[in-house]
Amino acid sequence: MQGLFDEKDQHDGHSDNSPNSPLADRLRPRRLSDVIGQDHLVGENGTIGRMVAAGRLSSIVLWGPPGTGKTSLARLLADQTDLHYKAISAVFSGVAELKKVFAEADMRFQSGKATLLFVDEIHRFNRSQQDSFLPYVEKGTVVLVGATTENPSFELNAALLSRAQVLILNRLDTMALGELLEKAEKLEGISLPLTAESREALVASADGDGRFLLNQAETLLSLNIADPLDPSQLAKILHRRMAVYDKDREGHYNLISALHKAMRGSDPQASLYYLARMLVAGEQPLFLLRRIVRFASEDIGMADPQALVQALAAKQAYEFLGSPEGELAIVQACLYCATAPKSNAAYKAQKAAWKSAKITGSLMPPQNILNAPTKLMKDIGYGKDYSYDHGTDDGFSGDNYWPDEMLAEQYYQPVDRGFEHKIRERLDYWEKLRAEKMG
């Protein structure tokens with residue numbers, strides 16, 4: 001443990017200015033005003049800002065996603081409140097290390113100086129280890145600053161939570177991440193070799209994690225790239241290439257493509273022809289059934305929800321009967337899908353929703369629809385003002401279910417074919433009710 005948590009190293013609250021240090025470490029803030037994306041905590045009216053201004057720091061738990069500045073905040077607090085700074089990690093520290101830390105803090109306290117004890121990943125300590133903090137926090141020997149990415153309500157003792165204020169750090173938004181990139185470029189004296197579109201993609205890939213973004217930026221800056229990279233070039237550099245499918249059996253894939261497109265084109269005769277071609281040639285029936293099941297979801301979807309039921313029933317029938325008797329069930333599923341009303345609305349909705357989820361990362365749902373099984377979660381607003389739909393006259397509250405930072409999206413757009421015509425009417429009715437309740 002000596003090399004990992006050497007007192008001399010940990011006492012220095014500033015970043016390492018060595019050019020060999022990681023970019024993220026060299027860019028650590030030196031003042032609270034340098035902290036990016038956490039104005040609600042470090043601003044003049046923020047909890048930490050007020051503590052520092054008053055010169056009195058109480059024990060706190062910093063709860064937030066990775067790369068949002070928890071470690072940097074702890075170092076700055078030690079500097080700006082004149083406390084001795086000691087950092088440990090719950091991943092590497094055990095009972096013996098804790099005893100040593102507490103003994104040193106006790107001796108220091110008797111000399112008139114308290115210790116700011118920063119515990120990274122504090123949720124990894126077990127209940128008894130967490131209990132060991134209580135007398136030293138209670139006495140004021142240590143001011144505890146814990147850092148966790150996990151919900152403190154579930155991971156920390158109630159006794160410890162009652163003695164420490166939980167402060168929530170925000171994931172870094174696009175503006176904050178962009179500011180980090182600008183600081184990195186200024187420090188390095190060079191601009192990132194990116195087009196405007198690639199820069200946006202780089203920021204989006206960070207998912208609110210400033211440290212990850214700076215590590216990616218450091219990789220790019222180290223490559224001495226002359227011309228700006230477009231998004232596809234950027235992806236090739238920063239992400240591993242995906243494996244390519246084996247194309248040795250070209251005829252196999254040509255026929256399955258023909259079957260899929262014939263069913264999509266509502267041609268049952270051609271569909272049956274290509275199905276027969278493959279079965280007669282010795283294709284595995286379960287491979288064909290997998291493709292038909294996929295087709296039922298991708299190309300029919302909610303226009304005829306029974307298509308998926310038919311496809312899965314065909315699989316069950318074939319597994320029960322085997323060849324050749326069970327192949328008739330495959331024919332039935334193929335014909336049902338070829339003659340069913342078509343819609344790829346569910347498929348398009350999936351792609352749009354997946355894309356949106358990747359862009360918006362890990363935004364929190366609105367607090368009114370979050371469950372609040374603990375007092376802490378209720379105190380910070382989880383579940384407040386939730387409208388129970390069954391308690392309304394229409395069975396429909398019209399509440400907003402989207403993250404506060406997002407506008408409502410319209411991923412699923414049912415067509416006017418088959419059962420989706422009815423779904424469209426239902427969605428229009430709910431939209432009308434929502435507008436009336438909001439108006």
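Since we're looking at a predicted model, the values are computed, not measured.
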[X]: which residues meet the side chain to side chain contact (heavy atoms under 4.5 Å, CB included) condition with it, sequence neighbours left out?
{"X": "I122", "result": "V119, F125, L144, T148, L156, L160"}
{"X": "W354", "result": "Q350"}
{"X": "A184", "result": "L23, L27, L214"}
{"X": "E138", "result": "R163"}

Throw together a table of side-chain donor-acceptor distances under 3.5 angstrom for residues 319-330, partners on residues two or more places apart or in other chains.
{"from": "E319", "atom 1": "OE1", "to": "K315", "atom 2": "NZ", "distance (Å)": "3.2"}
{"from": "E319", "atom 1": "OE2", "to": "K315", "atom 2": "NZ", "distance (Å)": "2.9"}
{"from": "S323", "atom 1": "OG", "to": "Y318", "atom 2": "OH", "distance (Å)": "2.7"}
{"from": "S323", "atom 1": "OG", "to": "E327", "atom 2": "OE2", "distance (Å)": "2.9"}

Closest approach of [X] and [Y], non-hydrogen atoms and distance?
{"X": "M302", "Y": "Y412", "answer": "CB-OH, 3.4 Å"}
{"X": "S93", "Y": "Q129", "answer": "O-NE2, 4.4 Å"}
{"X": "L73", "Y": "L62", "answer": "CB-CD1, 4.1 Å"}
{"X": "A333", "Y": "I292", "answer": "CB-CG2, 4.1 Å"}
{"X": "E420", "Y": "A345", "answer": "OE2-CB, 3.6 Å"}
{"X": "P341", "Y": "I300", "answer": "O-CG2, 3.5 Å"}

Which residues share a ring-ring contact (aromatic ring centres under 6.0 Å, His included) with [X], sequence neighbours left out:
{"X": "Y401", "answer": "none"}
{"X": "H123", "answer": "none"}
{"X": "Y347", "answer": "none"}
{"X": "F287", "answer": "H252"}

Distance only, no hydrogens: is a donor on one side chain within 3.5 Å (strictly under) of an acceptor on the other, for [X] and [Y]?
{"X": "Y382", "Y": "N368", "value": "no"}
{"X": "R417", "Y": "H421", "value": "no"}
{"X": "S232", "Y": "K236", "value": "no"}
{"X": "D389", "Y": "S397", "value": "yes"}
{"X": "N151", "Y": "S153", "value": "yes"}

Main chain of [Y], side chain of [X]: is a donor-acceptor contact present, judged purely on distance under 3.5 Å?
{"X": "E405", "Y": "M364", "result": "no"}
{"X": "K384", "Y": "I369", "result": "no"}
{"X": "T68", "Y": "G64", "result": "no"}
{"X": "Q130", "Y": "E155", "result": "yes"}
{"X": "D207", "Y": "S362", "result": "yes"}
{"X": "T392", "Y": "Y388", "result": "no"}
{"X": "S257", "Y": "Y253", "result": "no"}
{"X": "N157", "Y": "A159", "result": "no"}
{"X": "D394", "Y": "F396", "result": "no"}
{"X": "S297", "Y": "G301", "result": "no"}

Take D304 and Y336, measure what side chain to side chain contact (heavy atoms under 4.5 Å, CB included) needs, and give me the verdict at the end.
CA-CA 10 Å; D304 185 352; Y336 190 99; 2.8 Å; yes
Point-to-point distance, once rounded to the nearest 0.5 Å, from [atom1] of [X] to [atom2] of [Y]:
{"X": "E200", "Y": "L234", "atom1": "CD", "atom2": "CG", "answer": "12.0 Å"}
{"X": "Q284", "Y": "R290", "atom1": "CD", "atom2": "CZ", "answer": "8.5 Å"}
{"X": "K422", "Y": "R426", "atom1": "NZ", "atom2": "CZ", "answer": "9.5 Å"}
{"X": "Q316", "Y": "L289", "atom1": "CD", "atom2": "CG", "answer": "12.0 Å"}
{"X": "T195", "Y": "L192", "atom1": "OG1", "atom2": "CG", "answer": "11.5 Å"}
{"X": "D399", "Y": "D385", "atom1": "CG", "atom2": "CG", "answer": "9.0 Å"}

Basic-acidic side-chain contact under 4.0 Å: [X], [Y]:
{"X": "D428", "Y": "R424", "result": "yes"}
{"X": "D379", "Y": "K375", "result": "yes"}
{"X": "D299", "Y": "R264", "result": "yes"}
{"X": "E150", "Y": "R124", "result": "no"}

Verdict with supporting geometry, V61 and L167, side chain to side chain contact (heavy atoms under 4.5 Å, CB included)
CA-CA 6 Å; V61 174; L167 302 181; over 6 Å; no
Would you say [X] has more than 12 foreign heavy atoms packed within less than 6.0 Å of its [atom1]?
{"X": "K437", "atom1": "NZ", "answer": "yes"}
{"X": "E197", "atom1": "CD", "answer": "no"}
{"X": "M175", "atom1": "CE", "answer": "no"}

Applying the side-chain contact (heavy atoms from CB on, under 4.5 Å) test to L77, which of V143, L83, I60, V42 qualifies?
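The passing option is I60.
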side-chain hydrogen bond (donor to acceptor under 3.5 Å, both in side chains) partners of residues 37-65, not counting sequence neighbours, each pair once:
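Every side-chain hydrogen bond (donor to acceptor under 3.5 Å, both in side chains) pair that includes a residue of residues 37-65, provided the two are not neighbours, is H40-N170.
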Any side-chain hydrogen bond (donor to acceptor under 3.5 Å, both in side chains) pairs touching residues 174-191, not counting sequence neighbours?
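Every side-chain hydrogen bond (donor to acceptor under 3.5 Å, both in side chains) pair that includes a residue of residues 174-191, provided the two are not neighbours, is R26-E188, E185-R199.
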With sequence neighbours left out, what residues match K378 under side chain to side chain donor-acceptor pair (under 3.5 Å)?
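Applying side chain to side chain donor-acceptor pair (under 3.5 Å) to K378 gives none.
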Quick one: do Q367 and D404 satisfy side chain to side chain contact (heavy atoms under 4.5 Å, CB included)? Show the steps, please.
CA-CA 9 Å; Q367 287 195 334; D404 293 337; 6.0 Å; no
Can you confirm whether S72 sits close enough to V35 that some side-chain heavy atom of one is under 4.5 Å from a side-chain heavy atom of the other?
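Heavy-atom side-chain distance check fails, nothing below 4.5 Å.
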How far apart are the C-alpha atoms of Y274 and H260, what are their side-chain angles, what is the distance that settles it, and do they pass the side chain to side chain contact (heavy atoms under 4.5 Å, CB included) test?
CA-CA 9 Å; Y274 290 115; H260 195 121; over 6 Å; no
